[in-house]
Amino acid sequence: MPTSPKTRVLIVGGGLGGLVLAILLQRAGIDYLVLEQSVLIRPLGSVIALSPLVLPLMEQLGLLDEIKRVSKPLGKITVLRDDLSVVGIIVANSKHMDYQLRYGHYGQCITRPDLYNILLSKIPKERIHLGKRFVNSQNIIDPATRICHLVQVRCSDGSLYLADVLVGADGASSAVRQSLFRRIKEEHGNGIGGHGHGRKPLPKQDQEEQRYKQVALVGVTGPLNLKRYPDLGETFSQFKVVLNRHSPYMSWFMPVVGNRYSWLVTRTLEKPTLIHSDNSKESEWGPDATDEMSKAIRHLKGPDEGGQGTVGDLIDATDRQLISKVMLEERVFKTWYGGRTVLLGDACHKSVPFTGKGASESMLDAVALASLLHDNMPQSTIANSTAPSITTGTSSPAPPTAPSISTSNRHRADSMRSSSLSSTTTTSTAIIWTVEDLHRKVFKPYYQARLPVVQEVVDSSSSFGALLVKDGWVAELKRKCVFAIQDSWMGRSLVDRAHAHRIQVTFLKLAPDRGSVPPSQSQVVVALKKVDGGGGGGGVGGRRSVEEEEEEDRYQDMDSPEGRRRLDMQLLQLQQEQQMKQQQLQPRLNQHQEADQQGEQEESNQQYQQIYNRHSDGVHHQYSTTQDKGHAQVDEFMTGQSSTIVL
Ligand SMILES: Cc1cc2nc3c(=O)[nH]c(=O)nc-3n(C[C@H](O)[C@H](O)[C@H](O)COP(=O)(O)OP(=O)(O)OC[C@H]3O[C@@H](n4cnc5c(N)ncnc54)[C@H](O)[C@@H]3O)c2cc1C
């Protein structure tokens, strides 16, 4: 079978992360293609609680209104025992903890099919090749130069694809990851290396087989009777979680638009199970695999008003074809890239779904990766490769609301901003990224920016899951303590920390950050500054000294105690700085709240919005004499130009 024309970026996997990356590359004017194994994108699955962290991206893409039309804001999660007594409540829209006020948005609960449909509709059909199951990939080495100049992908139907960059967005059992790891092992074993993983063997942790401790049955009902399920009529989605004591099951009931319930029942296994063992039958899509578990959970308590109903009622109200059984594994891989291949989403970090962040983090990976690819691509190449795809808007673009991109990038962003999606296929023949450039300017900053964030997400989902599923009085006591601090300063600061990484795409107009809690610096921008300031030549083709290379290898090699210590130190320092600054800003925030009460809300909001917009990217601004000196003080403090602030 002939090889398809070369693509700049080949995305394997048309899941949530892969589709968002595709939309972003389309907007950036970078040639791409998606290979998806399914012949049809299946409308399976349950709810996705889109985190407030990912909604600025949707606003940048102009999709926020469309998403809000088919989703509900998340109001609260009530955790109940199976006698329906309350264990604790997590609230997202109360006076003391209002996500929209603090982080700019509530989480939005949307069914997976609705979200898929919105994303899919933004990608030209010919950019997604369905029925293409990735089998393996290989680096193509130029015999004359010994340089890896392309990556070749083979699909199960024998078709071949060539690309500059291969992105593995193919989910938790990623075949791209397996192929990459196999290659790293072979090359290291043969002593070849050098054009991939930095001459290092595959870390031990990445060689361990995948295990899972829980399975889940998930589905979305048809429309239900509001009298029986009044929660479905509420504007805010109010989740109910039922802990079934002395049983391995936990039930989640999540209202979605259209008077429907998205439901999920997890079963904790007696011991962790290997994914490739015989028990892998535990996880299969489609009705046959789900029947046994469906029968076993029918008797569990349902979410109806009187407490008489069962999970069986919801199963009966769900199309059998749309019930799925999934394994809930959790893991963060240490190796995210090698050669011209890079991983994204569940392919490199998989969390259990109890804090509802997996999909959002896959999409934020796409934000970081697309921004770095775009910002490190010569402008002429973007224009050449995509000229036919861009149609110019009639109105001149507005300036970005917060200046987090360098002048040259902003100029490029301005020129791209008015581009609209079109379906013209483009090809790209010139080689624009050497492997060294890709690693130094794109893959490594991407990895360094995203790893600490996703590690925290995986850890917190795991802890929250463990807190809920354990039986016994010690577990009950722990739950009491954790829910008791929800409404305290400590509880709020923990939630604040989890919502600090509000990154946005660098090449699209920035969405205003409306949250009263300041975002931490954009991780992508931090990473880019680090690379620019690295002294390695900065521009395309710049080379690092041997010392710098070794230094960076040590940094990436998490096996090395020094690398780990450096990363931990850096994280700790960032967290401490953030906490200190937030504490010192608290009196100003209190004043802000008082001003609200005195009916000065609008003016006060504007002032604080300006402050946070200004320091959100760490760029200092000059003030005219007419501007509030106090704002300048806050700015200097947040950007490190002043160590004190007079409040
Ligand atoms: C029950 C449940 C509830 C969840 N709830 C939430 C939530 O509320 N909020 C949230 O943010 N996250 C949630 N998640 C997590 C979320 O679904 C995942 O983290 C997210 O789907 C990962 O996206 P992805 O694009 O990385 O991978 P996936 O969505 O798994 O997509 C991978 C794609 O790759 C394709 N593919 C696989 N292998 C190949 C191959 N060899 N060749 C070609 N294509 C291939 C697959 O068909 C698929 O389309 C939940 C997960 C589960 C299981």
Side-chain angles (χ1 to χ4, degrees), residues 10-22 33-55 71 74 77 107-112 115-116 119-120 128-137 153-157 159 161 166-179 212 214-220 237 239 250 252 254 256 262-266 283 285 323-331 343-366 369 454 457-458 461 465:
L10 193 60
I11 304 167
V12 174
L16 296 171
L19 291 187
V20 167
L21 182 65
L33 198 60
V34 180
L35 303 181
E36 166 57 44
Q37 67 177 0
S38 311
V39 179
L40 281 174
I41 305 268
R42 294 167 299 178
L44 293 173
S46 78
V47 75
I48 295 289
L50 278 176
S51 137
L53 301 179
V54 89
L55 294 170
S71 63
L74 175 57
I77 303 177
Q108 289 291 139
C109 306
I110 184 168
T111 64
R112 187 185 284 260
L115 183 57
Y116 263 123
L119 297 177
L120 209 53
I128 303 188
H129 290 196
L130 295 173
K132 294 289 176 187
R133 188 164 68 80
F134 170 98
V135 176
N136 61 37
S137 63
V153 160
R154 178 183 296 276
C155 291
S156 56
D157 62 0
S159 50
Y161 292 84
L166 166 63
V167 181
D170 51 341
S173 307
S174 171
V176 175
R177 183 187 67 229
Q178 289 169 31
S179 173
Y212 63 104
Q214 287 168 321
V215 286
L217 207 64
V218 300
V220 182
S237 185
F239 288 15
M250 170 167 61
W252 287 66
M254 300 155 284
V256 287
S262 169
W263 54 271
L264 173 154
V265 178
T266 64
S283 180
W285 298 87
I323 298 178
S324 314
K325 188 172 169 190
V326 287
M327 288 179 287
L328 303 182
E329 65 269 54
E330 52 186 345
R331 186 161 185 182
L343 304 173
L344 172 152
D346 279 12
C348 48
H349 51 83
K350 175 82 173 78
S351 55
V352 284
F354 305 121
T355 54
K357 293 252 180 77
S360 300
E361 292 303 329
S362 293
M363 296 182 209
L364 293 174
D365 281 356
L369 190 56
V454 298
V457 167
V458 171
S461 299

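Numbers here are sequence positions counted from 1. Basis for what follows: all heavy atoms, side chains included, without hydrogens, waters or symmetry-related copies. Remember, it's 1-based here, ligands and their atoms both numbered in the order they're listed. Owing to the predicted nature of the structure, the values given are computational and were not obtained by experimental measurement.
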Within the distance-only criterion (no hydrogens, no angle test), does the side chain of [X] pair as donor or acceptor with the backbone N or O of [Y] below 3.5 angstrom?
X: Arg133; Y: Ser156; result: no
X: Gln178; Y: Ser173; result: yes
X: Arg177; Y: Asp170; result: no

Distance filter under 4.0 Å to [X] heavy atoms, resulting ligand 1 atoms:
X: Gly345; value: 26 (O)
X: Ala169; value: 32 (C), 33 (C), 34 (O)
X: Val326; value: 53 (C)
X: Gly15; value: 25 (O), 29 (O), 31 (O), 33 (C), 49 (O)
X: Ser362; value: 22 (C), 23 (O), 24 (P), 26 (O)
X: Leu264; value: 1 (C)
X: Val218; value: 1 (C)
X: Phe134; value: 40 (C), 41 (N), 42 (N), 43 (C)

Could you tell me whether [X] approaches ligand 1 through its side chain, its backbone, both or neither, with non-hydrogen atoms closer than 4.0 Å?
X: Lys350; value: neither
X: Ser360; value: both
X: Val12; value: side chain
X: Val176; value: neither

N/O donor to acceptor pairs below 3.5 angstrom from side-chain atoms of residues 348-359, sequence neighbours left out:
residue : atom : partner : partner atom : Å
His349  : NE2  : Asp365  : OD2          : 2.6
Thr355  : OG1  : Ser461  : OG           : 2.5

Nearest non-hydrogen contact to atom 11 (O) of ligand 1 from the set Ala359, Ala366, Ser174, Gly171 belongs to Ala359
Candidates Gly107, Gly13, Ser173; heavy atom nearest atom 34 (O) of ligand 1 found on Gly13
key: Greater than 12 external heavy atoms within 6.0 Å of Arg331's CZ   = yes
* To do: Dump the intermediate steps for side-chain contact (heavy atoms from CB on, under 4.5 Å) on Val220 and Val47, then the final yes or no.
  => CA-CA 8 Å; Val220 182; Val47 75; over 6 Å; no
Value for CD (Glu361) from CG (Leu53), rounded to nearest 0.5 Å, stands at 6.5 Å
**Asked** Below 4.0 Å from any atom of ligand 1, is there a heavy atom belonging to Arg112?
**Response** yes
Review point. Any heavy atom of Ser38 sitting closer than 4.0 Å to ligand 1?
Key: yes
Residues at least two apart in sequence or cross-chain that pass side chain to side chain donor-acceptor pair (under 3.5 Å) with Trp252, listed by chain then number, are none
Heavy-atom side-chain proximity of Ser71 to Leu50 below 4.5 angstrom: no
Under a 4.5 Å cut-off applied to non-hydrogen side-chain atoms, are Leu115 and Met363 in contact? yes
_I'd like to check whether Ala172 has a polar contact with ligand 1, where a contact means an N/O of the residue lying under 3.5 Å from an N/O of the ligand._
no
Between Gly14 and Glu36 the two heavy atoms that sit nearest each other are N-OE1, 2.7 Å
